[in-house]
Amino acid sequence: MSMKIDRRSFLALGVGGAVGTALTPLPWKIQDDLAIWTQMWPWTPDPPGGANTYVNTVSPLCGSGCGVTVRKVGERAVKIEGRKDFPTNEGGLCNLCAAGLQMLYGPTRVPFPMKRIGERGANEWQRISWEEAISMLAEQLGEIRQAGQPETVCCLSGRRYGSMPDLLKRFMTAYGSPNFTVMPSMADGYDMMLKRMHGVEGRVGFDLGKADYILSFGSGLIEGWGNTAYMIRINSLWKENNATIKQIEPRLSNTAAKADQWIPITPGTEVLLALGIAYVIIKESLYNYDFVNNYASGFEALRSFVLSGYSPGNVAKQTGVDQSTIVTLAREFARSRRPLALCGRGQGHVPGALGGYVAVHLLNALVGNINRPGGVWALPRPAMEGWPEPMLDAQAQAGMAKPRLDGAGGPAFPFAEQLANRLPQAITAGRPYPLKALLVYEANPVFSMPGAAAVRQALQQVPFIVSFATHMDETAAIADLILPNHAHLERWDDVAVTAGYNRPLVGLAQAVVAPQQDTMHTGDVFLQVAATLGGSLAASLAWNDYAACLQEGHAAHWADLEENGYWLDRSYAPETWSFAFPTPSGKFDFTASDGDLKALFAPIPAEGDGGSYNLKLIAYDSVRIANGAVGSPPFLIKTVSDKVLEGNTLLVDVNPETAQAAGFREGDAALLKTPLGSASVRVHLSPDLMPGLVAIPRGLGHTAYDDYLAEKGINANDLIGPVEDPASGLDATWGILASLVKA
Amino acid sequence: MTQTGDFGKPKRYGMVIDLDKCTGCGTCMVACMAENNVPFKKDESDKLKSITWMRVYRLTNGKPYPDNEICYLPRPCQHCAGKHEGHSPCVSVCPATATDYDKDTGIVSQIYTRCFGCRYCMAACPYHARYFNWWDPVWPKGMEKYLNPNVSARMRGIVEKCGFCFQRYQKAMEQANMEGRRELEEHEYQTACTQACPAGAITFGDLYNPHHKVHQMAQPDFTKGGRPRNPKAFRLLEELQTNPKVYYMSSKEWVRKAGYKPDLLDHQAAEH
Amino acid sequence: MDSALIPKGVKRCPIWQFALGLGIVGAVLLWGVYAMFLCWFKGLNQTNMNDYYGFALWIWADLAVIALGGGAFFTGLLKYVIGKDDLKNIINYAVLIGFICYSSALLILAIDVGQPLRSWFIFWHANVHSMLTEVAFCLSCYFCVLTIEYLPLIFENRQIDKVPFVHNLTHTMHEYMAIFAATGAFLSFFHQGSLGGVAGVLFGRPFAYREHLFIWPWTFFLFTWSAAAYGPCFTLLVTRITEKITGKKLVKDATVQLLAKIAGWMMFTYIIAKIIDTIYWATTTAPSLGFTLKDFYTNNPVYGYWILIAEIVVGGVIPALILIIPQLRSNRLLLTLATILAVVGVCLDRWVMVLQVMAIPVMSFDKWVMYYPSWQEVATTVLPVAYGIILIMISYRYLPIFPQEAELNPLAPETPAAVAADAEETVDEGPEADLAPAEA
Ligand SMILES: Nc1nc2c(c(=O)[nH]1)N[C@H]1C(S)=C(S)[C@@H](COP(=O)(O)OP(=O)(O)OC[C@H]3O[C@@H](n4cnc5c(=O)[nH]c(N)nc54)[C@H](O)[C@@H]3O)O[C@H]1N2
Ligand SMILES: Nc1nc2c(c(=O)[nH]1)N[C@H]1C(S)=C(S)[C@@H](COP(=O)(O)OP(=O)(O)OC[C@H]3O[C@@H](n4cnc5c(=O)[nH]c(N)nc54)[C@H](O)[C@@H]3O)O[C@H]1N2
Ligand code: SF4
Ligand code: SF4
Ligand code: SF4
Ligand code: SF4
Ligand code: SF4
Ligand SMILES: [Mo]
């Protein structure tokens with residue numbers, strides 16, 4: 001009975017309550033508030049506004065030095081865009097600069113000066129003040145100099161031209177060390193070639209815009225070769241002008257894909273193809289009589305050499321390029337109005353053998369396409385003309401008289417200016433003298449040099465390593481002292497645009513934003529160190545600050561630099577043939593001042609014995625992956641294909657025919673072995689590669705940086721080592737013997 | 001729509017992408033991500049869950065070595081007009097009007113704060129131009145500093161896509177209005193990808209305006225839903241009558257066919 | 001001890017046995033609830049859906065349960081509007097099953113959307129051109145109708161019914177049931193249809209797109225039609241399963257046969273329409289969009305022509321024939337087989353219209369993409385099944401769902417002792433033992 005009443009009242013209460021609440025605005029209000037909350041979750045960032053400004057500068061992110069405009073909102077840089085009125089990129093960018101702000105901001109920056117406290121590479125650091133940092137550096141350098149061994153200090157720079165490399169070189173000179181070295185690149189090959197064929201100490205430029213037939217020996221013309229963004233613009237210009245592009249390389253790269261013809265070639269035999277083409281041009285007398293007869297020497301020697309062994313028939317056998325193609329290429333090349341032959345594999349970080357540069361350049365010479373519109377020009381190198389000569393005291397002179405560690409300029413390699421690739425072996429051998437200190441500027445040799453493991457081991461032997469890296473890269477990780485440079489957009493800097501650009505051009509980089517970390521401009525660091533060391537060093541680097549030395553160096557063009565952000569010598573014209581070749585003969589030298597052409601042009605074999613390895617591994621430069629001293633920012637890695645990275649696993653390209661022969665199906669796990677080591681990978685069947693090859697990209701397999709980059713894929717330089725070109729000492733490696741076994 | 005050569009409103013903003021010039025460098029993808037606060041994860045190798053408003057596809061002619069050819073094809077949102085203006089595949093199906101067709105500009109908008117993540121629009125879009133935020137966006141410490149204040153950061157559980165950098169249109173219009181103008185110069189409103197492309201492969205402008213490059217290149221016939229008159233130009237999936245405002249140009253026939261003849265190619269392509 | 005709640009004149013298994021059954025199914029339910037909260041709090045990254053599969057397992061489950069729940073509106077239509085009075089013996093169960101299916105559908109949707117807390121925007125910022133808007137409105141309205149149709153059943157519980165107010169309310173509701181049934185049928189016609197429209201309007205997806213009649217694509221009518229045809233089959237199947245589990249006959253053959261016959265003819269006519277639609281689509285619609293059948297059924301590991309045969313012949317023609325031919329229909333086994341084939345057939349149809357649509361590349365350079373659900377998706381999809389079983393167990397135990405049960409299973413004049421004895425006997429027929437197959 002009572003139970004019934006309970007139930008009734010309960011029901012009444014329940015129903016009444018429900019209806020009641022439903023009638024109040026409460027549930028609806030809650031609904032609305034919840035929805036609004038989801039529209040502005042507290043953990044979703046809400047970028048603050050501010051005044052909009054645009055700052056023009058150039059990007060020192062890569063040597064291309066494109067003109068950029070940085071959009072700022074308040075104090076924040078929010079976008080990097082191309083500068084439309086800049087001579088090279090004309091408003092365009094490449095993906096690296098487009099993602100550049102992820103390098104300026106973010107967690108991989110070196111936050112402050114640090115000294116190593118743990119084991120080398122254990123990544124245990126102690127923050128120190130800038131005063132302490134600079135005095136530590138000055139002290140070490142001072143002691144070594146006091147001990148009369150200034151030559152045992154080496155400075156390795158990633159950049160070749162501009163105030164910073166010049167300042168470093170000047171410091172080293174006044175300090176007394178001949179060991180200022182720049183990271184290897186095809187520039188070394190071109191420079192050496194210029195010396196030996198033109199007799200010029202300069203740099204090459206290419207009048208690309210006017211060329212109408214481009215014969216590219218594996219150059220990644222639109223993939224980071226030369227000035228990346230500029231080259232891509234030039235490529236479009238070529239399309240508009242119906243220029244013909246022939247791409248010679250074993251892989252269907254972006255460049256090959258966009259070319260009018262892709263000519264697959266057995267890697268390492270490019271030099272033979274060039275000579276085969278020369279054979280046809282000479283045999284069929286398609287060459288430029290005026291140039292060859294009146295302005296060149298050594299043609300007869302070359303002629304008999306080439307005709308003796310490089311007939312299309314022979315060349316076809318060794319290169320895999322068929323005879324008729326060779327003949328056609330030769331005739332097309334010779335009969336075009338403005339043909340241009342280019343070399344430097346991929347982005348040109350590995351120079352390759354000197355013979356290749358000479359063989360390709362003599363094609364340009366045969367058609368007389370030198371210092372002419374649409375041709376190859378020899379230009380003076382950029383220099384800080386406003387600076388007085390450095391002062392060398394006795395110690396400095398003694399030190400500078402010593403041979404270079406890398407042997408460049410010595411008896412073995414008289415034409416070489418620097419051979420950074422030979423540094424590791426010299427350091428390991430301790431000959432001609434042990435290295436006491438290494439200063440690394442804007443370079444990451446431990447990651448980006450072939451045979452990375454050997455490089456690391458060599459560096460481990462150096463008692464004192466100083467890095468000026470902006471980001472915690474692999475080299476910085478094994479340093480004893482890190483004095484972080486301002487990152488790009490934080491620092492004043494200049495970029496002497498070279499990389500094949502055919503006019504003198506200097507861009508001025510300014511500090512667009514205040515330094516985000518406790519960093520110092522490396523230029524100022526060296527000025528202060530010099531001042532501390534005193535004497536002729538202080539006298540040679542007497543500027544109050546880097547800005548002053550930058551301005552003085554460019555005094556002649558400073559007005560332009562300040563007003564336009566760049567200085568361009570529009571009127572520049574190369575020397576005419578009569579005055580262009582200060583060789584002993586006063587003429588262009590077809591023999592590259594080398595008696596032994598056979599040795600010069602001998603193809604370089606790949607490392608490893610054929611027996612246990614049935615494949616060849618080649619590395620390629622991807623325009624989607626930064627592979628120099630700069631690590632790929634997250635946006636770049638995001639654009640990497642799922643046919644290259646699967647999770648952190650690298651997919652290697654293998655021709656379907658080759659893969660099937662080895663019993664591999666798409667995506668199969670495999671162990672990629674080379675004489676240097678092995679790595680677990682997956683197989684991607686790709687028709688875009690010659691049979692018998694395995695191809696992997698450069699720039700992956702970082703151990704430094706953060707999870708957005710580290711441990712993704714493998715570092716090609718761990719599997720491929722350097723191979724020395726006997727003729728020049730340059731690193732001639734183009735690949736390595738390898739095998740793929742089921743994993 | 002039969003209106004052509006109208007200098008006043010409405011506009012029909014569109015793109016012409018020259019596939020002969022496109023190098024596949026991917027700068028357009030990055031520029032877009034940088035301009036539009038597109039999030040990124042530690043692992044972006046699963047392209048089925050990777051937000052790229054602009055995606056560069058890698059087309060192959062399907063032939064074996066050495067006759068194989070490759071063409072790169074950048075794919076932003078096509079800003080489909082639909083069978084009849086405004087009846088875009090996605091807009092017509094969104095139950096909450098969270099994506100809309102702007103009759104003034106022809107731009108298909110996406111309203112992040114209204115979208116509730118039913119993903120019907122994704123099912124409707126044949127171009128896979130729409131991306132879902134499967135995760136909450138996270139920026140590594142400090143990187144939030146570069147975020148563009150003109151584009152709101154999205155939250156988990158909603159769809160986003162290319163909006164032809166609409167924020168740039170708004171800024172340009174504000175500027176013009178302050179100067180008492182109702183019309184924009186061609187250069188005043190350009191998208192981030194167009195600007196950044198080092199190859200100059202992307203051209204952007206008003207398809208209605210005969211003085212704009214896009215009009216001259218594509219020669220759209222608005223009596224036929226904007227079909228290109230230029231024989232070198234084509235649109236993706238022309239037959240579906242989605243009537244995109246993104247045009248492609250190629251001198252290669254296999255590429256032009258790949259644009260809209262499904263049976264001519266083996267179904268394979270990898271993003272590169 | 002809960003005997004006071006159990007309807008008069010029927011026998012139920014002992015409470016401990018019932019509780020055990022509840023416990024087992026409840027465990028499955030909790031697993032689903034856990035997954036549900038994972039999806040809500042961690043987001044849809046818990047699923048294997050991706051940018052190609054914006055619609056996946058859940059949306060399929062939605063379409064499927066709504067089609068299967070179609071038994072409610074169609075049986076209601078037949079009984080209250082068309083006047084097939086004999087169906088009163090199964091209508092309660094049809095309504096209950098419908099209620100379960102539709103509440104499940106709504107729950108699944110609430111998990112499926114990326115921003116559940118905003119999902120009411122679909123009403124607030126409604127886009128009248130969107131099929132999904134139509135679905136949302138009709139679905140919610142029809143769910144209310146189902147609730148109204150289900151409530152009286154609850155009120156008929158022995159104890160609740162003792163409350164005079166409730167008793168009168170129930171009585172009044174019964175009087176107006178025809179109106180609700182009619183409304184339900186009307187609403188169902190539209191949301192079943194618009195669910196078909198969801199795929200049919202996708203003119204960017206040649207596999208799904210269909211020509212329109214007025215503003216509706218053919219799939220609109222096909223879906224309604226198939227729901228009317230297949231829904232009752234599901235009602236019959238579940239009834240059969242319940243009978244197996246309880247070991248009792250609950251509905252007289254006359255009723256079953258009547259519903260089966262009607263469903264059969266609906267299915268027969270539907271499948272003819274479906275075949276015509278398929279032929280027209282394959283020969284006219286798809287080609288006009290630049291596609292051929294081969295683009296839809298080749299070049300991939302799963303979706304072959306077999307799926308067409310399976311859906312139309314095995315899941316359509318065969319059960320239809322069994323159901324319309326009296327000799328076959330009257331065979332208990334064949335009848336059950338037919339209902340099973342039918343249920344599989346309609347589920348397959350909904351699968352194809354959701355997942356195959358997503359799998360097929362449209363751009364020539366795009367690729368087939370396969371998908372398999374994550375455990376969270378499976379769990380959340382099993383959740384409604386467990387919930388349904390529990391609701392059926394409770395309703396069956398305490399509510400007079402089957403009017404003919406008492407008559408078909410007369411109780412011996414009983415003494416308290418006898419009740420106990422009977423109770424023992426029913427042990428091996430307890431729910432937990434046989435519920436498993438119902439789950440699967
Ligand atoms: N021998 C030779 N030297 C050259 C050239 C050449 O042709 N030959 N060319 C020049 C040209 S064109 C180029 S591109 C460069 C190539 O040089 P690379 O070493 O390939 O890379 P850069 O872009 O120059 O690196 C610039 C510097 O920016 C800083 N930096 C900015 N962001 C990061 C980051 O995220 N991580 C790290 N670790 N550092 C960062 C680093 O200090 C880095 O060293 O070399 C220049 N120097
Ligand atoms: N998209 C994209 N862009 C990139 C990168 C990337 O990863 N992705 N990487 C950046 C990096 S790190 C690099 S290293 C660059 C690669 O490209 P760069 O490093 O910018 O180009 P280099 O290969 O250094 O120089 C190109 C060539 O120009 C000529 N050259 C330049 N200077 C001289 C000179 O003084 N003398 C002579 N004789 N010839 C000279 C030589 O042929 C030289 O090899 O690309 C940069 N840009
Ligand atoms: S080439 Fe690319 S990375 Fe180098 S400066 Fe130009 S835009 Fe920047
Ligand atoms: S930026 Fe230009 S060239 Fe590079 S991929 Fe995009 S469209 Fe092609
Ligand atoms: S491309 Fe896709 S998202 Fe863009 S408008 Fe067309 S259908 Fe909509
Ligand atoms: S996901 Fe958002 S935009 Fe797309 S249909 Fe649903 S509500 Fe509309
Ligand atoms: S138009 Fe703007 S939003 Fe669209 S792809 Fe280009 S940059 Fe991205
Ligand atoms: Mo470089």
Side-chain angles (χ1 to χ4, degrees), chain B residues 46 48-51 57-60 73 80 82-83 87 89-90 92-98 114-128 130-136 155-159 236-242 257-269, chain C residues 42-47 49-55 59 109 112-127 129-136 198-199 201-206 208-209 288-292 294-295 299-300 354 357-358 361-369:
Chain B
D46 179 357
L48 297 178
K49 292 184 178 178
S50 182
I51 303 179
Y57 284 84
R58 185 172 180 273
L59 280 58
T60 67
L73 185 142
C80 311
K83 284 198 180 76
H87 190 263
C90 54
S92 58
V93 300
C94 173
T97 334
R114 185 180 292 178
C115 168
F116 67 97
C118 71
R119 304 181 301 285
Y120 192 11
C121 53
M122 301 177 80
C125 172
Y127 305 100
H128 292 294
R130 297 184 155 268
Y131 296 89
F132 187 73
N133 283 269
W134 301 100
W135 287 267
D136 257 314
M155 65 291 297
R156 170 228 292 174
I158 62 147
V159 162
L236 294 178
L237 301 170
E238 185 69 64
E239 293 91 333
L240 300 189
Q241 292 180 25
T242 50
K257 283 178 175 167
Y260 57 98
K261 279 275 178 283
D263 45 342
L264 277 177
L265 275 186
D266 55 329
H267 293 284
Q268 57 171 328
Chain C
K42 291 194 167 183
L44 294 180
N45 50 55
Q46 298 293 300
T47 72
M49 287 191 280
N50 55 48
D51 292 334
Y52 274 51
Y53 280 92
F55 285 173
I59 296 298
L109 283 179
D112 175 75
V113 297
Q115 288 282 352
L117 296 174
R118 288 187 214 165
S119 42
W120 52 276
F121 284 12
I122 203 173
F123 302 113
W124 199 254
H125 303 287
N127 165 17
H129 302 292
S130 171
M131 283 292 163
L132 217 53
T133 310
E134 200 169 320
V135 172
V198 165
V201 297
L202 299 179
F203 63 98
R205 299 282 195 156
Y209 181 68
S288 76
L289 302 174
F291 283 74
T292 64
K294 136 174 157 309
D295 296 316
N299 242 318
N300 80 93
V354 176
V357 175
M358 302 293 118
V362 183
M363 292 186 289
S364 68
F365 47 87
D366 212 336
K367 50 186 186 290
W368 278 85
V369 174

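Each chain gets a letter, A, B and so on, in the order the sequences are listed, and its residues count up from 1. Here the structure is a predicted model, which is why all the values come from computation and not from measurement.
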Comparing B/Arg130, B/Lys83, B/Lys49, B/Arg114 against chain C, the one with the most heavy-atom pairs below 4.5 Å turns out to be B/Arg114
Given C/Val113 and C/Arg118, is the side chain to side chain contact (heavy atoms under 4.5 Å, CB included) satisfied, shown in steps?
CA-CA 9 Å; C/Val113 297; C/Arg118 288 187 214 165; over 6 Å; no
Using a cut-off of under 4.5 Å on heavy-atom pairs, state which of B/Cys94, B/Gly82, B/Ala124 scores highest against chain C.
B/Cys94
Please classify the contact between B/Leu48 and chain C as side chain, backbone, both or neither, with a heavy-atom cut-off of under 4.5 Å.
both
Say you draw a straight line from OH of B/Tyr57 to CE of C/Met363; how long is it, rounded to the nearest 0.5 Å?
4.0 Å
Where does C/Ser288 contact chain B at under 4.5 Å (heavy atoms): side chain, backbone, both or neither?
backbone
Is C/Val354 close to chain B through its backbone or its side chain, or both, or neither, when contacts mean heavy atoms under 4.5 Å?
neither
Tell me, side chain or backbone of B/Cys118 under 4.5 Å from chain C's heavy atoms, or both, or neither?
both
Honestly, the part of C/Leu202 sitting under 4.5 Å from a heavy atom of chain B is side chain
Mind checking the CE-OH spacing from B/Met122 to B/Tyr131? Nearest 0.5 Å is all I need.
8.5 Å
When the 4.5 angstrom heavy-atom criterion is applied to B/Cys115 and chain C, the contacting part is backbone
Is it the side chain or the backbone of C/Tyr209 that comes within 4.5 Å of chain B heavy atoms, both, or neither?
side chain
Below 6.0 angstrom between ring centroids: does that apply to C/Phe121 and B/Phe116?
no
To the nearest 0.5 Å, what is the distance between NZ on C/Lys42 and OG1 on C/Thr47?
13.5 Å
Quick one: what part of B/Gln241 sits under 4.5 Å from any heavy atom of chain C, side chain, backbone, both or neither?
backbone
Over 12 non-hydrogen atoms of neighbours within 6.0 angstrom of NE2 in C/His125:
yes
Closest-packed option against chain C by number of heavy-atom pairs under 4.5 Å, given B/Cys90, B/Pro95, B/Ala123, B/Ala96:
B/Pro95
Hey, could you give me the CG/CG distance between C/Asp51 and B/Asn133, rounded to the nearest 0.5 Å?
9.0 Å
